[in-house]
Amino acid sequence: MKRRVISVIVDNEHGVLSRISGLFAGRGYNIESLTVAPIPDQKFSRLTIVTFGNSRVLEQIIKQLHKLIPVYKVIEHEDIIEKEMVLAKIPLNERLSDIEALCKAYNGNIVNVGKDDVVLMAADEPNRIKNFVLALKRFNPKEIIRGGVVAIER
Amino acid sequence: MQKMSGAQMVVEAMKKEGVEVVFGYPGGAIMNVYDEIYKHRYFEHILTRHEQAAVHAADGYARATGKVGVAFVTSGPGLTNAITGIATAYMDSIPLVVISGQVPLSVIGTDAFQEIDATGISRPCTKHNFLVKSVDELPFIIKEAFYIARTGRPGPVHIDIPKDVTAQIGEFNYPDEIKLETYKPTYKGNMKQIKKAVDAIANAKKPVFYLGGGIVKSGASQLVRELVSFSGIPAVETLMARGVLRYDDPYLLGMVGMHGTYAANMAMSEADLLIALGPRFDDRVTGKLSEFAKYAKIIHIDIDPSSIGKLVHVDYPIVGDIKTVLENLLPLSKKKIDKSRYESWNSILKRYQELHPLTYEDSDEVLKPEWIIQRVGQKLKGKARISTDVGQHQMWTAQFYPFTRPNEFITSGGLGTMGFGFPAAIGVKRGIQNEISVNISGDGSILMNIQELITAVEYRLPVINIVLNNHYLGMVRQWQTFFYDKRYAETDLSMQPDFVKVAESFGGVGYRVKTKEEFDEALDDAISKNVVAIIDVIVDRYENVLPMVPAGGSLYNMLLEYKDEE
């Protein structure tokens with residue numbers, strides 16, 4: 001099983017996301033994460049999908065995506081920069097400087113300090129985000145929200 | 001620019017597309033469109049008695065004529081009934097445009113009367129679908145639908161039009177031509193790959209042509225016939241390719257797969273090169289994948305890149321339209337391919353053909369279904385279009401009917417839809433009026449769209465239904481005999497209507513036959529009467545379709561005969 005990041009450029013039209021998610025569901029392909037947003041100043045949207053499967057499955061995923069009529073381009077990334085964002089809410093029991101130091105290590109910071117909770121963010125490579133989430137465990141986080149992977153070619 | 005309602009745009013667009021017939025069934029949400037049909041009469045509308053039949057009829061029409069088939073249905077149950085027809089066309093790559101009514105935009109999403117998420121349901125069984133949100137986009141969408149349906153790998157396209165959109169007034173600017181930035185099928189094959197493929201053929205010792213339905217869609221049968229005859233390379237046909245080669249072509253080994261001939265299946269198993277022209281390596285053809293053509297390199301030509309390498313590794317992939325690719329490949333192969341090279345291979349296969357030919361044991365006591373098919377072939381060869389339903393009768397037809405040309409055999413291959421044959425044969429007859437349209441069916445399948453007798457009577461589309469009646473759901477019964485210790489769970493169809501009376505009550509003719517003489521008389525009479533007919537043929541209850549590759553087994557492990565021990 002190989003992990004693969006695929007970008008799909010699609011016509012920004014009604015129902016296009018359901019075509020893509022339906023394709024993955026109907027053919028039993030895996031989605032680890034999926035992000036989507038319009039491309040600035042274009043009629044297209046960009047989806048970034050992280051998937052995994054053996055090489056025949058990955059090849060089929062690419063071909064099946066191509067086959068969808070509103071799909072303009074499918075980009076299989078090789079040399080890429082991947083980033084993922086995460087938001088977390090933890091109870092305010094620790095020293096803020098400790099929390100901030102942890103965030104800094106993962107390219108993040110404290111974004112809100114409330115009466116009882118602190119909200120943090122970090123944006124980093126997906127496997128580093130995994131470590132960040134692990135590290136947060138000792139603060140007994142109330143909520144952790146991962147944003148899914150976005151990627152760009154070098 | 002002319003201003004008109006969305007409903008009128010629909011019928012004007014049909015006129016622009018040259019649509020001569022629409023199969024359909026009206027209802028609340030599509031009434032505006034039907035009102036325009038009534039006013040304009042641009043095309044004939046054939047009212048089937050079930051939406052599924054409307055789509056199958058459009059499908060049969062499309063298969064027989066090569067044009068895009070068109071069906072109109074209403075929202076909710078109209079569309080859900082149509083889905084089986086749409087899915088049937090999708091699996092067999094048949095170009096259709098299906099237009100459904102939808103509840104008004106203002107109430108979409110409120111679970112309104114006869115509302116269903118139509119595009120949500122049709123999405124996985126259409127090549128593309130549309131929900132029209134404004135009358136302004138309607139002309140372009142209809143144009144796009146026809147274009148997508150017939151180009152590339154053909155397929156059904158569904159347009160869902162809310163009732164208020166058909167009432168809205170807009171400008172009818174119907175484009176003459178369209179270009180889609182995101183959809184550009186590849187027609188021309190890569191020349192470098194084609195050259196490599198020709199070299200591979202020239203260097204092979206045991207090549208086999210593996211002919212698929214893509215040849216029929218591409219209109220490449222004539223080129224394939226030429227290629228086969230000058231190269232002297234043996235060929236096998238899939239169910240969907242029956243008729244690409246004439247039945248008496250010396251290089252045709254017959255059908256391949258689960259009920260293929262011994263020679264065809266052995267050729268695949270022993271070949272050192274498969275030349276796959278538009279098949280899709282269906283599991284009913286390949287059997288166990290790890291054993292499939294395991295000594296062979298594979299050339300695969302297909303217009304759909306996702307068909308190539310989907311199930312088996314392909315050594316020479318060529319993406320393109322088969323006809324266009326063969327036009328390039330043929331002159332090259334004429335220079336390089338030497339017919340004599342494959343003589344010893346052909347003689348091995350000849351021996352296989354003689355060893356286990358396609359056969360059955362005829363009887364004087366009971367009619368054998370295979371005999372019926374052969375008899376129909378003797379009488380109607382080259383003069384009729386043969387549709388089928390799904391099951392044993394379908395396989396016997398594929399095995400024993402002498403097909404002479406593509407599109408002579410109209411059958412639901414991929415989805416295997418019982419109830420397809422009769423409405424499809426009605427569509428076939430509407431498309432090809434100067435030929436006889438026969439539906440070969442079984443006593444199970446025929447009842448799945450029997451109501452269409454009235455459509456055939458009303459529109460004078462005299463389909464001859466030959467029902468091979470074994471009082472069983474025969475194919476399932478056969479599997480129960482072979483693999484379920486003869487536990488015939490819910491397959492005994494002894495309880496039957498009187499098919500003769502059924503036909504007569506709808507205004508057709510019916511015959512019940514138990515002997516060869518009776519069959520001959522009935523068929524001749526049905527042909528001369530020229531009205532819709534049911535010939536109820538009482539056949540051997542326990543005849544099996546053989547050879548058979550058990551599901552999941554290897555192609556070379558065929559059940560060649562079955563002797564009942566009891």
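Within every chain, numbering begins at 1; the chains are lettered A, B, ... in the order of the sequence lines, protein sequences first and strands thereafter. Computed from a predicted structure; not experimentally measured.
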**Asked** If you draw a 6.0 Å radius around NZ in Lys288(B), do more than 12 non-hydrogen atoms from other residues or ligands fall strictly inside?
**Response** no

**Asked** Should the heavy atoms of other residues, nucleotides or ligands under 6.0 Å from CD1 of Ile152(A) be counted, would the total exceed 12?
**Response** no

**Message:** Whether Glu181(B) and Lys73(A) form a salt bridge (side-chain N of Lys/Arg under 4.0 Å from carboxylate O of Asp/Glu) is what I want to check.
**Reply:**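 Looking at Glu181(B) together with Lys73(A), the answer is no, because their closest N to O distance does not fall below 4.0 Å.
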
**Request:** Please test Lys127(B) against Lys67(A) for side-chain contact (heavy atoms from CB on, under 4.5 Å), starting from the C-alpha separation and ending with a verdict.
**Result:** CA-CA 9 Å; Lys127(B) 185 172 172 187; Lys67(A) 205 166 145 177; over 6 Å; no

**Request:** Start with the C-alpha distance between Ile69(A) and Phe130(B), add both sets of side-chain angles, then the distance that settles side-chain contact (heavy atoms from CB on, under 4.5 Å), and finish with yes or no.
**Result:** CA-CA 11 Å; Ile69(A) 308 288; Phe130(B) 301 90; over 6 Å; no

From [X] atom [atom1] to [Y] atom [atom2], the distance as rounded to the nearest 0.5 Å:
X         : Y         : atom1 : atom2 : answer
Leu65(A)  : Ser306(B) : CG    : OG    : 10.5 Å
Thr182(B) : Leu68(A)  : OG1   : CG    : 10.0 Å
Asp11(A)  : Tyr183(B) : CG    : OH    : 14.5 Å

So which part of [X] gets closer than 4.5 Å to some heavy atom of chain A, the side chain, the backbone, both or neither?
X         : result
Asn129(B) : both
Ile148(B) : side chain
Lys184(B) : neither
Val312(B) : backbone

**Request:** Return the option, out of His66(A), Arg19(A), His14(A), Glu13(A), with the maximum number of heavy-atom pairs under 4.5 Å with chain B.
**Result:**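 Highest number of heavy-atom pairs under 4.5 Å: Arg19(A).
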
**Request:** Return the option, out of Ser18(A), Gly26(A), Gly15(A), with the maximum number of heavy-atom pairs under 4.5 Å with chain B.
**Result:** Ser18(A)

**Complete:** Between Lys310(B) and Arg56(A), the two heavy atoms sitting closest are O-CD, 3.4 Å

**Request:** Give the minimum heavy-atom separation between Leu23(A) and Arg123(B), together with the two atoms involved.
**Result:**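 Shortest heavy-atom separation between Leu23(A) and Arg123(B) comes out as N-NH2, 4.3 Å.
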
**Prompt:** Do Ser307(B) and Lys63(A) come within less than 4.5 Å of each other through their side chains, counting heavy atoms only?
**Reply:**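 Not touching, per the 4.5 Å side-chain cut-off.
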
**Item:** Partner chain A: residue of Gly152(B), Pro185(B), Pro305(B) with the largest heavy-atom pair count (under 4.5 Å)
**Value:**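 The option with the most such pairs is Pro305(B).
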
